[in-house]
Student: 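Once you've had a glance at the structure underneath, I'll fire off some questions.
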Amino acid sequence: MDSGLLASVDWGTFALVAIIAAALVWGMVFFLRQNRKDFDDLQEDLDLQSKEDGDEDEKMPGSRASHRRGTGG
């Protein structure tokens, strides 16, 4: 490389751009990890609720879904 090219590079601007890029990547990784954790927690809640609803349906003489359909709610 030409030493004149290296001398003309504004290293402060280069460092600022590198820091901003690293912060954006870190932010995206943090966001995606948190989003994945929230998704897993929601999935667990839905599975638990589905299991509880299934247990209630077994105890009731009629289906819960048919009861809701009959009452319009």
Side-chain angles (χ1 to χ4, degrees):
M1 288 183 69
D2 187 14
S3 62
L5 180 63
L6 288 176
S8 67
V9 172
D10 184 8
W11 291 105
T13 302
F14 178 77
L16 179 63
V17 169
I19 289 171
I20 291 172
L24 288 172
V25 169
W26 179 84
M28 184 61 94
V29 168
F30 178 80
F31 172 77
L32 291 174
R33 282 184 180 173
Q34 186 65 38
N35 194 23
R36 182 63 186 189
K37 181 183 173 291
D38 291 344
F39 177 76
D40 290 342
D41 290 345
L42 178 62
Q43 193 65 41
E44 284 180 23
D45 289 345
L46 290 173
D47 290 344
L48 181 62
Q49 184 67 38
S50 179
K51 183 181 176 191
E52 288 174 356
D53 288 347
D55 291 345
E56 288 177 8
D57 285 345
E58 290 174 3
K59 292 177 185 176
M60 296 176 68
S63 171
R64 189 172 184 187
S66 64
H67 174 69
R68 284 186 180 167
R69 217 176 313 127
T71 59

Student: My understanding is that only residues two or more places apart in sequence, or in another chain, count here; which of them pass salt bridge (Lys or Arg N to Asp or Glu O under 4.0 Å) with Lys37?
Tutor: Asp41
Student: Per the side chain to side chain donor-acceptor pair (under 3.5 Å) rule, what does the pair list look like for residues 9-25, sequence neighbours excluded?
Tutor: Asp10-Thr13
Student: With a 4.5 Å cut-off on side-chain heavy-atom distances among I, L, V, M, F, W and Y, is there a chain of contacts connecting Leu16 to Leu24?
Tutor: yes
Student: How long is the span from the CZ atom in Arg36 to the CD atom in Gln43, to the nearest 0.5 Å?
Tutor: 9.0 Å
Student: Less than 4.0 Å between a side-chain N and a carboxylate O, is that true for Asp47 and Lys51?
Tutor: no
Student: Calculate, to the nearest 0.5 Å, the distance between atoms CZ and CG belonging to Phe30 and Asn35 respectively.
Tutor: 11.5 Å
Student: Under a plain distance cut-off of 3.5 Å, with no hydrogens placed, do Gln49 and Asp45 share a side-chain donor-acceptor pair?
Tutor: no
Student: Going by side-chain heavy atoms closer than 4.5 Å, which hydrophobic residues are tied to Val17, directly or by a chain of links?
Tutor: none
